[in-house]
Amino acid sequence: MLSVVVLISGTGSNLLALLKAADHPLYPVRILAVGSDRAAEGLAHADLYGVPSFVVERGRFSDVETWSAKLQETIEHFNPDLVVLAGFMRILPPSFVSRFSPNLINIHPSLLPLFPGAHAVRDALAAGARETGVTIHVVDKGVDTGPVIAQRTVTVMPADDQASLHERIKFQEHELLVETVLSIAEKRTELVGR
Ligand code: GAR
């Protein structure tokens, strides 16, 4: 059984996909807790599944290091095998990354190395990309630069706006995240850092 802490900042649709999968007795993953940097909407999914949640608000700490040390300590309390960033929209400092990586993965809405950063869907549209997609990668000390574990392509339609494209990307994200975490649990995917 692979034990997981999931970190989110927003609606938590990827979290929900993972909670649903983990609810099945044959899916060898246990979600120990869900954390956020804010009172995120998606924390309600954790409540629904009886999973504990916690918020470590960035604004309550004077600097990134003290904030991330508190986040780290809270995660350590659960002692997970894996930490999943599922729409966690803050950059984590090297001290945090060193503590958990390579057992720290992120899902990102583009085919990295294309369109890193917080606005990947908008940037792909603005660049006139014909296709974009989803990447799951090990988090390293850069922004969206860690070793790629899995990717899926999504075609950009001529009529797409940011919302429609992101919705189709998220559909693929949900499947890819559930598959990838299963593959890690079954040791078919080995997490390797840089
Ligand atoms: C997802 O599309 C995820 O890939 C993206 O935020 C969204 C969260 O959606 N993450 C990033 O952009 C990280 N750079 P969700 O809250 O519904 O799962």
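Counting convention: from 1, in listed order, for ligands and their atoms alike.
Atom CZ of Arg58 has more than 12 neighbouring heavy atoms from other residues, nucleotides or ligands inside a 6.0 Å radius. For Arg60, the CZ atom counts as loosely surrounded, since its 6.0 Å shell holds 12 or fewer non-hydrogen atoms of other residues, nucleotides or ligands.
Residue contacts with ligand 1 include Gly12, since one of its heavy atoms falls under 4.0 Å from the ligand. Note on ligand 1: His119 sits outside its first shell, no heavy atom being nearer than 4.0 Å. Residue contact annotation: Ile8 has no non-hydrogen atom under 4.0 Å from ligand 1.
A side-chain contact (heavy atoms from CB on, under 4.5 Å) with Pro28 is found for one member of Val181, Leu182, Leu2 and no other, namely Leu182.
Close contacts between ligand 1 and Met89 involve ligand atoms 10 (N), 11 (C), 12 (O), 13 (C) [criterion: under 4.0 Å to a heavy atom]. Shown in contact with Gly117 at under 4.0 Å from a heavy atom are these atoms of ligand 1, numbered in order with element: 14 (N).
Of the protein's non-hydrogen atoms, Ile107 O, 3.6 Å is the one closest to atom 10 (N) of ligand 1. Scanning the protein heavy atoms around atom 14 (N) of ligand 1, the nearest turns out to be His108 ND1, 3.3 Å.
Looking at Glu167 and Lys170, no side-chain N of the basic residue comes within less than 4.0 Å of a carboxylate O on the acidic one, giving no salt bridge.
Residues Leu125 and Val156 approach most closely at CD2-CG1, 3.9 Å, considering heavy atoms.
Here the OG atom belonging to Ser98 is positioned 3.0 Å from the NZ atom belonging to Lys141, to the nearest 0.5 angstrom.
Checking only distances, Glu173 does come within under 3.5 Å of ligand 1, N or O to N or O. No N or O atom of Asp144 sits closer than 3.5 Å to an N or O atom of ligand 1.
Criterion: ILVMFWY side-chain heavy atoms under 4.5 Å apart, direct or through other members. Under it, Val83 and Phe78 are part of a common hydrophobic cluster.
Heavy-atom proximity to atom 11 (C) of ligand 1, evaluated over Gly10, Ser13, Gly87, Pro109, is greatest for Pro109.
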